[in-house]
Amino acid sequence: MTGVISLGGVSFPLSVRPLQSCRIGYVPQESVGAFLTTKVLDDVLAVAFALRRPPSEALHVVRAWVESSPLGELGSRSPLSLSGGERRLLSIELALLAEPDHLVLDGGANALSADRCLYVAGLLETWLFSNPGRCLIVTGQDAHTIIRSNFKRYNVDLGVGDVTSARNLNYSGLSAAAAGKNGVTLELCNVSGGKGENGDVIIRNASFRVKKEEICGISGPNGAGKTTLLRLITGLYDLRRGSILFEAKSIFHSAWPGEKNGIAYLPQEMDLAGPSIITSSAGAGGSGIISTLEYWCKILSLNWDGSIEAFWSMSSGERAKACLAAQAIHTPRLWLLDEPTLRLTTSVLSEFLRVVIAESSIVVVSHDTDMLNAISTLRLHVEDGQVTRVGDGPESSSANM
(Lines give C-alpha, C1' and ligand atoms only; values in the text may rest on other atoms or scores of the structure.)
Protein backbone atom coordinates (compact mmCIF):
# COMPACT_ATOMS: atom_id res chain seq x y z
CA MET A 1 0.00 0.00 0.00
CA THR A 2 1.34 3.41 -0.92
CA GLY A 3 0.01 6.90 -0.55
CA VAL A 4 0.57 10.30 1.01
CA ILE A 5 -0.07 11.50 4.54
CA SER A 6 -0.56 15.22 5.12
CA LEU A 7 0.27 16.99 8.39
CA GLY A 8 -0.60 20.66 8.61
CA GLY A 9 -0.49 21.01 4.83
CA VAL A 10 2.89 19.27 4.53
CA SER A 11 2.78 15.99 2.59
CA PHE A 12 4.94 12.95 3.27
CA PRO A 13 5.18 9.92 0.95
CA LEU A 14 3.93 6.79 2.68
CA SER A 15 4.88 3.26 1.80
CA VAL A 16 3.23 0.66 4.03
CA ARG A 17 3.10 -3.11 3.86
CA PRO A 18 -0.40 -4.64 3.83
CA LEU A 19 -2.07 -4.20 7.23
CA GLN A 20 -2.07 -7.91 8.06
CA SER A 21 1.72 -8.14 7.74
CA CYS A 22 2.82 -4.98 9.53
CA ARG A 23 3.03 -4.19 13.22
CA ILE A 24 1.12 -1.14 14.44
CA GLY A 25 2.07 0.00 17.93
CA TYR A 26 -0.64 1.58 20.06
CA VAL A 27 -0.24 3.62 23.23
CA PRO A 28 -3.68 4.04 24.83
CA GLN A 29 -4.84 7.21 26.52
CA GLU A 30 -5.37 5.37 29.80
CA SER A 31 -2.08 3.67 30.63
CA VAL A 32 -3.39 1.45 33.46
CA GLY A 33 -4.22 -1.46 31.14
CA ALA A 34 -1.06 -1.17 29.03
CA PHE A 35 1.18 -3.36 31.19
CA LEU A 36 1.75 -7.11 31.08
CA THR A 37 3.28 -8.07 34.43
CA THR A 38 3.61 -6.92 38.04
CA LYS A 39 7.09 -5.38 37.66
CA VAL A 40 8.47 -2.72 35.34
CA LEU A 41 11.57 -4.71 34.41
CA ASP A 42 9.50 -7.83 33.73
CA ASP A 43 7.42 -5.83 31.26
CA VAL A 44 10.58 -4.74 29.43
CA LEU A 45 11.81 -8.36 29.40
CA ALA A 46 8.45 -9.59 28.08
CA VAL A 47 8.55 -7.15 25.15
CA ALA A 48 12.19 -7.99 24.34
CA PHE A 49 11.53 -11.75 24.30
CA ALA A 50 8.26 -11.33 22.40
CA LEU A 51 10.28 -10.33 19.34
CA ARG A 52 11.82 -13.84 19.36
CA ARG A 53 15.31 -12.51 19.79
CA PRO A 54 18.07 -14.80 21.07
CA PRO A 55 18.29 -14.52 24.89
CA SER A 56 21.61 -12.67 24.74
CA GLU A 57 20.18 -10.04 22.38
CA ALA A 58 17.02 -9.65 24.44
CA LEU A 59 19.07 -9.11 27.60
CA HIS A 60 21.14 -6.50 25.74
CA VAL A 61 17.90 -4.62 24.96
CA VAL A 62 16.95 -4.72 28.64
CA ARG A 63 20.37 -3.50 29.80
CA ALA A 64 20.27 -0.65 27.28
CA TRP A 65 16.85 0.38 28.57
CA VAL A 66 18.03 0.34 32.20
CA GLU A 67 21.02 2.53 31.32
CA SER A 68 19.19 5.05 29.13
CA SER A 69 15.65 5.37 30.48
CA PRO A 70 14.72 7.85 33.24
CA LEU A 71 12.82 4.90 34.71
CA GLY A 72 15.84 2.59 34.70
CA GLU A 73 16.17 2.70 38.49
CA LEU A 74 12.50 1.74 38.98
CA GLY A 75 12.69 -1.72 37.43
CA SER A 76 11.62 -3.51 40.63
CA ARG A 77 8.50 -1.35 41.04
CA SER A 78 4.99 -2.31 40.03
CA PRO A 79 3.78 -0.28 37.02
CA LEU A 80 0.65 0.64 38.97
CA SER A 81 2.78 2.14 41.77
CA LEU A 82 4.29 4.68 39.37
CA SER A 83 2.96 8.19 38.95
CA GLY A 84 0.70 8.99 36.01
CA GLY A 85 3.56 10.59 34.08
CA GLU A 86 5.88 7.66 34.79
CA ARG A 87 3.25 5.17 33.60
CA ARG A 88 2.77 7.23 30.46
CA LEU A 89 6.50 7.23 29.74
CA LEU A 90 6.78 3.48 30.35
CA SER A 91 3.88 2.68 28.02
CA ILE A 92 5.51 4.73 25.22
CA GLU A 93 8.90 3.08 25.80
CA LEU A 94 7.36 -0.41 25.73
CA ALA A 95 5.58 0.38 22.45
CA LEU A 96 8.83 1.53 20.85
CA LEU A 97 10.83 -1.42 22.22
CA ALA A 98 8.45 -3.69 20.29
CA GLU A 99 9.82 -2.11 17.06
CA PRO A 100 6.48 -1.30 15.40
CA ASP A 101 6.26 -0.37 11.74
CA HIS A 102 3.87 2.45 12.63
CA LEU A 103 2.77 4.02 15.91
CA VAL A 104 -0.49 5.49 17.19
CA LEU A 105 0.03 7.66 20.29
CA ASP A 106 -3.37 8.42 21.82
CA GLY A 107 -3.11 11.31 24.24
CA GLY A 108 0.12 12.90 23.04
CA ALA A 109 2.31 14.09 25.91
CA ASN A 110 -0.35 13.47 28.56
CA ALA A 111 1.04 13.87 32.09
CA LEU A 112 4.66 14.20 30.93
CA SER A 113 6.78 16.91 32.53
CA ALA A 114 8.85 19.14 30.23
CA ASP A 115 12.06 17.11 30.54
CA ARG A 116 10.25 13.81 29.99
CA CYS A 117 8.44 15.28 26.98
CA LEU A 118 11.78 16.19 25.39
CA TYR A 119 13.08 12.70 26.12
CA VAL A 120 10.04 11.12 24.42
CA ALA A 121 10.40 13.51 21.48
CA GLY A 122 13.95 12.26 21.01
CA LEU A 123 12.84 8.62 21.12
CA LEU A 124 10.12 9.24 18.56
CA GLU A 125 12.45 11.22 16.32
CA THR A 126 15.03 8.41 16.27
CA TRP A 127 12.38 5.77 15.62
CA LEU A 128 10.47 7.74 12.99
CA PHE A 129 13.37 8.84 10.81
CA SER A 130 15.32 5.58 10.99
CA ASN A 131 12.87 4.20 8.42
CA PRO A 132 11.26 6.54 5.83
CA GLY A 133 8.19 4.30 5.57
CA ARG A 134 7.15 4.74 9.19
CA CYS A 135 4.08 6.71 10.18
CA LEU A 136 3.37 8.42 13.52
CA ILE A 137 -0.16 9.45 14.49
CA VAL A 138 -0.55 11.58 17.63
CA THR A 139 -3.89 12.60 19.14
CA GLY A 140 -4.83 14.64 22.19
CA GLN A 141 -4.73 18.10 23.73
CA ASP A 142 -0.92 18.03 23.89
CA ALA A 143 -0.27 16.42 20.52
CA HIS A 144 1.43 19.61 19.32
CA THR A 145 4.02 19.39 22.11
CA ILE A 146 5.58 16.17 20.83
CA ILE A 147 4.95 16.78 17.12
CA ARG A 148 6.52 20.25 17.11
CA SER A 149 9.55 18.94 19.03
CA ASN A 150 9.97 16.05 16.60
CA PHE A 151 9.80 17.99 13.38
CA LYS A 152 11.29 21.39 14.17
CA ARG A 153 14.88 20.45 13.30
CA TYR A 154 13.67 19.23 9.90
CA ASN A 155 12.14 22.62 9.18
CA VAL A 156 8.70 21.12 8.77
CA ASP A 157 5.93 23.64 9.42
CA LEU A 158 2.94 21.78 10.80
CA GLY A 159 0.74 24.86 10.67
CA VAL A 160 0.13 24.67 14.43
CA GLY A 161 1.02 28.30 15.05
CA ASP A 162 1.68 29.76 18.49
CA VAL A 163 -0.49 27.28 20.34
CA THR A 164 0.48 28.37 23.84
CA SER A 165 -0.36 32.03 23.31
CA ALA A 166 -3.65 31.27 21.54
CA ARG A 167 -4.65 28.75 24.18
CA ASN A 168 -3.88 31.00 27.14
CA LEU A 169 -6.15 33.72 25.75
CA ASN A 170 -8.98 31.54 27.05
CA TYR A 171 -7.64 31.96 30.58
CA SER A 172 -7.24 35.74 30.45
CA GLY A 173 -8.67 37.49 33.48
CA LEU A 174 -9.05 34.32 35.55
CA SER A 175 -6.23 35.14 37.96
CA ALA A 176 -7.78 38.56 38.63
CA ALA A 177 -11.19 36.99 39.26
CA ALA A 178 -9.52 34.53 41.63
CA ALA A 179 -7.53 37.08 43.61
CA GLY A 180 -8.63 35.44 46.84
CA LYS A 181 -10.82 36.80 49.63
CA ASN A 182 -10.15 37.11 53.32
CA GLY A 183 -10.38 33.76 55.01
CA VAL A 184 -8.70 30.42 54.40
CA THR A 185 -10.37 27.46 52.67
CA LEU A 186 -7.52 24.97 52.92
CA GLU A 187 -4.55 24.85 55.26
CA LEU A 188 -1.79 22.24 55.49
CA CYS A 189 0.51 22.36 58.52
CA ASN A 190 3.70 20.26 58.44
CA VAL A 191 1.97 17.48 56.50
CA SER A 192 3.84 14.24 55.82
CA GLY A 193 2.20 11.20 54.28
CA GLY A 194 1.80 8.86 51.37
CA LYS A 195 3.83 5.65 51.33
CA GLY A 196 6.10 4.46 48.55
CA GLU A 197 6.81 0.83 47.73
CA ASN A 198 9.85 0.88 50.01
CA GLY A 199 7.86 2.32 52.89
CA ASP A 200 9.35 5.79 52.50
CA VAL A 201 7.18 8.87 53.05
CA ILE A 202 6.39 10.64 49.76
CA ILE A 203 5.28 14.11 50.95
CA ARG A 204 7.33 15.63 53.77
CA ASN A 205 6.56 18.67 55.95
CA ALA A 206 4.25 20.43 53.49
CA SER A 207 2.69 23.67 54.70
CA PHE A 208 0.60 26.16 52.72
CA ARG A 209 -2.74 27.99 52.71
CA VAL A 210 -5.31 28.48 49.96
CA LYS A 211 -7.62 31.46 50.44
CA LYS A 212 -11.30 31.58 49.65
CA GLU A 213 -11.94 31.89 45.91
CA GLU A 214 -8.26 31.46 45.06
CA ILE A 215 -6.66 29.25 42.38
CA CYS A 216 -3.57 27.39 43.54
CA GLY A 217 -1.46 25.87 40.75
CA ILE A 218 0.92 23.01 41.56
CA SER A 219 3.66 21.82 39.21
CA GLY A 220 6.62 19.48 39.50
CA PRO A 221 8.44 16.64 37.75
CA ASN A 222 6.88 13.22 37.18
CA GLY A 223 6.90 11.12 40.34
CA ALA A 224 7.51 14.10 42.63
CA GLY A 225 4.35 13.54 44.71
CA LYS A 226 1.78 15.94 43.21
CA THR A 227 -1.03 13.37 42.99
CA THR A 228 -0.11 12.03 46.43
CA LEU A 229 -0.53 15.54 47.82
CA LEU A 230 -4.07 15.78 46.42
CA ARG A 231 -4.97 12.34 47.76
CA LEU A 232 -3.78 13.35 51.21
CA ILE A 233 -6.09 16.37 51.06
CA THR A 234 -9.09 14.24 50.00
CA GLY A 235 -8.43 11.73 52.76
CA LEU A 236 -7.75 8.88 50.32
CA TYR A 237 -4.25 8.59 51.83
CA ASP A 238 -3.56 8.67 55.57
CA LEU A 239 -1.36 11.31 57.18
CA ARG A 240 1.88 10.30 58.84
CA ARG A 241 2.06 13.61 60.69
CA GLY A 242 0.74 17.17 60.57
CA SER A 243 -2.79 18.43 59.98
CA ILE A 244 -5.05 19.35 57.09
CA LEU A 245 -7.80 21.86 57.75
CA PHE A 246 -10.73 22.56 55.45
CA GLU A 247 -12.62 25.69 56.48
CA ALA A 248 -10.80 25.52 59.85
CA LYS A 249 -11.95 21.94 60.51
CA SER A 250 -9.80 18.81 60.35
CA ILE A 251 -10.49 16.63 57.32
CA PHE A 252 -11.76 13.16 58.22
CA HIS A 253 -9.18 10.66 56.98
CA SER A 254 -10.67 7.21 56.52
CA ALA A 255 -12.53 7.12 53.20
CA TRP A 256 -13.41 9.31 50.23
CA PRO A 257 -15.35 12.19 51.85
CA GLY A 258 -16.69 13.56 48.56
CA GLU A 259 -19.62 15.91 48.84
CA LYS A 260 -19.98 15.22 52.57
CA ASN A 261 -17.47 17.92 53.47
CA GLY A 262 -17.60 20.11 50.36
CA ILE A 263 -14.50 18.83 48.59
CA ALA A 264 -14.63 17.73 44.93
CA TYR A 265 -11.88 15.75 43.20
CA LEU A 266 -11.07 15.15 39.53
CA PRO A 267 -8.63 12.19 39.47
CA GLN A 268 -5.98 11.68 36.84
CA GLU A 269 -7.04 8.07 36.14
CA MET A 270 -10.75 8.20 35.30
CA ASP A 271 -11.15 4.43 34.87
CA LEU A 272 -9.96 3.82 38.43
CA ALA A 273 -11.63 6.53 40.51
CA GLY A 274 -14.27 8.04 38.23
CA PRO A 275 -17.03 5.43 38.73
CA SER A 276 -16.84 5.56 42.53
CA ILE A 277 -17.07 9.35 42.50
CA ILE A 278 -20.04 9.26 40.12
CA THR A 279 -21.85 6.70 42.31
CA SER A 280 -21.09 8.56 45.54
CA SER A 281 -22.23 11.91 44.17
CA ALA A 282 -25.40 10.53 42.57
CA GLY A 283 -26.35 8.86 45.85
CA ALA A 284 -26.60 12.20 47.62
CA GLY A 285 -29.37 13.51 45.41
CA GLY A 286 -32.30 15.66 46.39
CA SER A 287 -34.98 17.90 44.94
CA GLY A 288 -33.92 19.79 41.88
CA ILE A 289 -30.88 17.59 41.29
CA ILE A 290 -31.86 16.74 37.68
CA SER A 291 -32.20 20.36 36.61
CA THR A 292 -28.93 21.18 38.36
CA LEU A 293 -27.17 18.34 36.53
CA GLU A 294 -28.58 19.62 33.24
CA TYR A 295 -27.16 23.06 34.05
CA TRP A 296 -23.66 21.71 34.65
CA CYS A 297 -23.79 19.46 31.60
CA LYS A 298 -24.59 22.55 29.55
CA ILE A 299 -21.62 24.41 31.07
CA LEU A 300 -19.38 21.45 30.24
CA SER A 301 -20.87 20.77 26.76
CA LEU A 302 -21.84 17.26 27.85
CA ASN A 303 -24.80 15.08 26.88
CA TRP A 304 -25.31 12.83 29.92
CA ASP A 305 -28.28 11.57 31.91
CA GLY A 306 -26.30 10.96 35.09
CA SER A 307 -26.22 7.16 34.88
CA ILE A 308 -23.13 5.03 35.46
CA GLU A 309 -24.11 2.93 32.42
CA ALA A 310 -23.82 5.98 30.16
CA PHE A 311 -20.54 6.90 31.87
CA TRP A 312 -18.89 3.69 30.63
CA SER A 313 -19.94 4.38 27.05
CA MET A 314 -18.25 7.79 27.04
CA SER A 315 -14.83 8.86 25.83
CA SER A 316 -12.15 9.67 28.39
CA GLY A 317 -12.80 13.40 28.04
CA GLU A 318 -16.54 12.97 28.50
CA ARG A 319 -15.95 10.89 31.62
CA ALA A 320 -13.90 13.73 33.08
CA LYS A 321 -16.77 16.13 32.37
CA ALA A 322 -19.24 13.72 33.98
CA CYS A 323 -17.06 13.51 37.07
CA LEU A 324 -17.08 17.30 37.35
CA ALA A 325 -20.84 17.61 36.73
CA ALA A 326 -21.75 14.89 39.26
CA GLN A 327 -19.87 16.72 42.00
CA ALA A 328 -20.75 20.28 40.96
CA ILE A 329 -24.44 19.70 41.75
CA HIS A 330 -23.48 19.66 45.46
CA THR A 331 -21.74 23.06 45.25
CA PRO A 332 -18.29 22.12 46.58
CA ARG A 333 -16.25 24.84 48.24
CA LEU A 334 -12.94 23.25 47.24
CA TRP A 335 -12.02 21.68 43.89
CA LEU A 336 -8.96 19.45 43.49
CA LEU A 337 -8.14 18.96 39.79
CA ASP A 338 -5.39 16.49 38.86
CA GLU A 339 -4.06 17.14 35.33
CA PRO A 340 -7.39 18.49 33.96
CA THR A 341 -5.82 19.47 30.61
CA LEU A 342 -5.27 15.79 29.78
CA ARG A 343 -8.95 15.39 28.89
CA LEU A 344 -10.59 18.81 28.92
CA THR A 345 -10.23 21.31 26.09
CA THR A 346 -9.05 24.80 26.90
CA SER A 347 -12.47 26.33 26.21
CA VAL A 348 -14.32 23.84 28.46
CA LEU A 349 -11.82 24.07 31.32
CA SER A 350 -11.63 27.87 31.28
CA GLU A 351 -15.43 28.21 31.25
CA PHE A 352 -15.77 25.74 34.13
CA LEU A 353 -13.14 27.58 36.20
CA ARG A 354 -14.85 30.93 35.63
CA VAL A 355 -18.15 29.55 36.93
CA VAL A 356 -16.90 27.69 40.01
CA ILE A 357 -14.35 30.29 41.17
CA ALA A 358 -17.25 32.53 42.25
CA GLU A 359 -18.10 30.18 45.11
CA SER A 360 -15.10 27.92 45.71
CA SER A 361 -11.34 27.61 45.89
CA ILE A 362 -9.44 25.55 43.32
CA VAL A 363 -6.23 23.53 43.48
CA VAL A 364 -4.90 22.49 40.05
CA VAL A 365 -2.06 20.00 39.52
CA SER A 366 -0.62 20.12 36.01
CA HIS A 367 2.55 19.66 33.97
CA ASP A 368 1.34 22.62 31.87
CA THR A 369 3.19 25.47 33.59
CA ASP A 370 2.03 28.03 31.01
CA MET A 371 -1.58 27.33 31.93
CA LEU A 372 -0.84 27.40 35.67
CA ASN A 373 0.98 30.73 35.39
CA ALA A 374 -2.00 32.16 33.47
CA ILE A 375 -4.68 31.17 36.00
CA SER A 376 -3.02 30.95 39.43
CA THR A 377 -2.75 33.47 42.24
CA LEU A 378 -0.73 30.99 44.31
CA ARG A 379 1.94 28.83 42.61
CA LEU A 380 3.54 25.86 44.33
CA HIS A 381 6.17 23.40 43.16
CA VAL A 382 6.59 19.81 44.36
CA GLU A 383 9.92 18.04 44.00
CA ASP A 384 11.37 15.15 45.99
CA GLY A 385 8.38 15.35 48.33
CA GLN A 386 9.03 19.00 49.24
CA VAL A 387 6.44 21.71 48.57
CA THR A 388 7.80 25.21 47.90
CA ARG A 389 6.34 28.50 46.80
CA VAL A 390 7.10 29.68 43.25
CA GLY A 391 8.15 33.32 43.06
CA ASP A 392 9.58 35.92 45.39
CA GLY A 393 6.40 37.68 46.48
CA PRO A 394 5.65 38.85 50.03
CA GLU A 395 4.01 35.48 50.82
CA SER A 396 6.83 33.35 49.41
CA SER A 397 7.42 31.76 52.80
CA SER A 398 3.81 30.63 53.24
CA ALA A 399 4.53 27.33 51.50
CA ASN A 400 7.01 26.43 54.23
CA MET A 401 5.56 27.65 57.47
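Residue numbers run from 1 in the order of the sequence given. Since the structure is predicted, the reported quantities are computational estimates derived from the model, not experimental observations.
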Colleague: Test your reading of the model: is there a side-chain donor-acceptor pair from S69 to the backbone of V66, 3.5 Å cut-off?
Modeller: no
Colleague: Tell me, yes or no, whether the heavy-atom count around N303 atom CG, taken from other residues, nucleotides or ligands under 6.0 Å, exceeds 12.
Modeller: no
Colleague: Once side chain to side chain donor-acceptor pair (under 3.5 Å) is applied, do any residues pair with T126, and if so which ones, sequence neighbours excluded?
Modeller: none
Colleague: Decide yes or no for D101 and I24: does some side-chain heavy atom of the first lie under 4.5 Å from some side-chain heavy atom of the second?
Modeller: no
Colleague: Tell me, do L229 and L188 make a side-chain contact under 4.5 Å, heavy atoms counted?
Modeller: yes
Colleague: What I'd like to find out is whether the side chain of L353 reaches to under 4.5 Å of the side chain of L337, using heavy atoms alone.
Modeller: yes
Colleague: I want to check something: taking the side chain as every heavy atom from C-beta on, are L136 and W127 in contact at a cut-off of under 4.5 Å?
Modeller: yes
Colleague: Please check this pair: side chain of N190 against backbone of N205, looking for a donor-acceptor N/O pair closer than 3.5 Å.
Modeller: no
Colleague: Under the rule for side chain to side chain contact (heavy atoms under 4.5 Å, CB included), what residues qualify as partners of S376, not counting sequence neighbours?
Modeller: I215, L372, R379
Colleague: Name all residues meeting the side chain to side chain donor-acceptor pair (under 3.5 Å) criterion together with S130; count only those two or more places apart in sequence or in a different chain, and write none if there are none.
Modeller: R134
Colleague: Determine whether S192 and L239 make a side-chain contact, defined as any pair of heavy atoms from C-beta on separated by less than 4.5 Å.
Modeller: no
Colleague: Counting N and O atoms only, with roles assigned by atom type, does the side chain of K321 sit under 3.5 Å from a partner on the main chain of L300, one being a donor and the other an acceptor?
Modeller: yes
Colleague: Which residues pass the side chain to side chain contact (heavy atoms under 4.5 Å, CB included) test with L90, not counting sequence neighbours?
Modeller: F35, V40, W65, L71, P79, L82, E93, L94
Colleague: What residues, two or more places apart in sequence or in another chain, satisfy salt bridge (charged side-chain N to carboxylate O under 4.0 Å, His left out) together with E213?
Modeller: K181
Colleague: Under a 3.5 Å distance rule, please check whether K211 uses its side chain to pair with a backbone N or O of L378 as donor and acceptor.
Modeller: no
Colleague: State which residues pass salt bridge (charged side-chain N to carboxylate O under 4.0 Å, His left out) with R204; sequence neighbours excluded, sorted by chain then number.
Modeller: none
Colleague: By side chain to side chain donor-acceptor pair (under 3.5 Å), which residues pair with E351, not counting sequence neighbours?
Modeller: none
Colleague: Does the side chain of V382 reach to within under 4.5 Å of the side chain of S219, using non-hydrogen atoms?
Modeller: no
Colleague: Has Q327 got a side-chain atom pairing as donor or acceptor with C323's backbone, closer than 3.5 angstrom?
Modeller: yes
Colleague: So, do L324 and L344 sit near enough that their side-chain heavy atoms are less than 4.5 Å apart?
Modeller: yes
Colleague: Quick test of your reading: applying salt bridge (Lys or Arg N to Asp or Glu O under 4.0 Å), list the pairs with at least one residue in residues 62-85, sequence neighbours left out, ordered by first then second residue.
Modeller: R77-E197
Colleague: For a side-chain contact (heavy atoms from CB on, under 4.5 Å) check, start with the C-alpha distance between V210 and V184, then their side-chain angles and the critical distance, and finish with the verdict.
Modeller: CA-CA 6 Å; V210 180; V184 176; 6.0 Å; no
Colleague: Give a yes or no on whether the backbone of A111 and the side-chain of R116 come within a donor-acceptor separation of less than 3.5 Å.
Modeller: no
Colleague: If you draw the axis of the six-membered ring of F311, does the NZ or CZ of R319 fall within 45° of it and under 6.0 Å from the ring centre?
Modeller: yes
Colleague: A side-chain contact here means heavy atoms from C-beta on lying under 4.5 Å apart; do V348 and I299 qualify?
Modeller: no
Colleague: Got a sec, which residues hit side chain to side chain contact (heavy atoms under 4.5 Å, CB included) with D305, two or more places apart in sequence or on another chain?
Modeller: S307, A310
Colleague: Does either side chain, that of T341 or that of D368, offer a donor lying less than 3.5 Å from an acceptor on the other one?
Modeller: no
Colleague: Which residues pass the side chain to side chain contact (heavy atoms under 4.5 Å, CB included) test with S83, not counting sequence neighbours?
Modeller: E86, N222
Colleague: Let's go through L266 and W335 carefully: what are the C-alpha distance in whole Å and the side-chain angles of both, what is the deciding distance for side-chain contact (heavy atoms from CB on, under 4.5 Å) to 0.1 Å, and is it a yes or a no?
Modeller: CA-CA 8 Å; L266 176 68; W335 284 91; 5.9 Å; no
Colleague: Report the C-alpha distance between M314 and L302 in whole Å, list the side-chain angles of each, state the deciding distance to 0.1 Å, and finish with yes or no for side-chain contact (heavy atoms from CB on, under 4.5 Å).
Modeller: CA-CA 10 Å; M314 295 176 175; L302 176 66; 4.2 Å; yes
Colleague: Name all residues meeting the salt bridge (charged side-chain N to carboxylate O under 4.0 Å, His left out) criterion together with E99; count only those two or more places apart in sequence or in a different chain, and write none if there are none.
Modeller: R53
Colleague: With a 3.5 Å distance limit and no angle check, can you tell me whether N131 reaches the backbone of G133 through a side-chain donor-acceptor pair?
Modeller: yes
Colleague: Using atom types as modelled and distance alone, determine if a side-chain donor or acceptor of E125 lies under 3.5 Å from a backbone N or O of G122.
Modeller: no
Colleague: Could you give all pairs that pass the side-chain hydrogen bond (donor to acceptor under 3.5 Å, both in side chains) test and reach residues 356-366, with sequence neighbours left out?
Modeller: T185-S361
Colleague: Step by step, work out the side-chain contact (heavy atoms from CB on, under 4.5 Å) result for T388 and L380.
Modeller: CA-CA 6 Å; T388 56; L380 304 178; over 6 Å; no
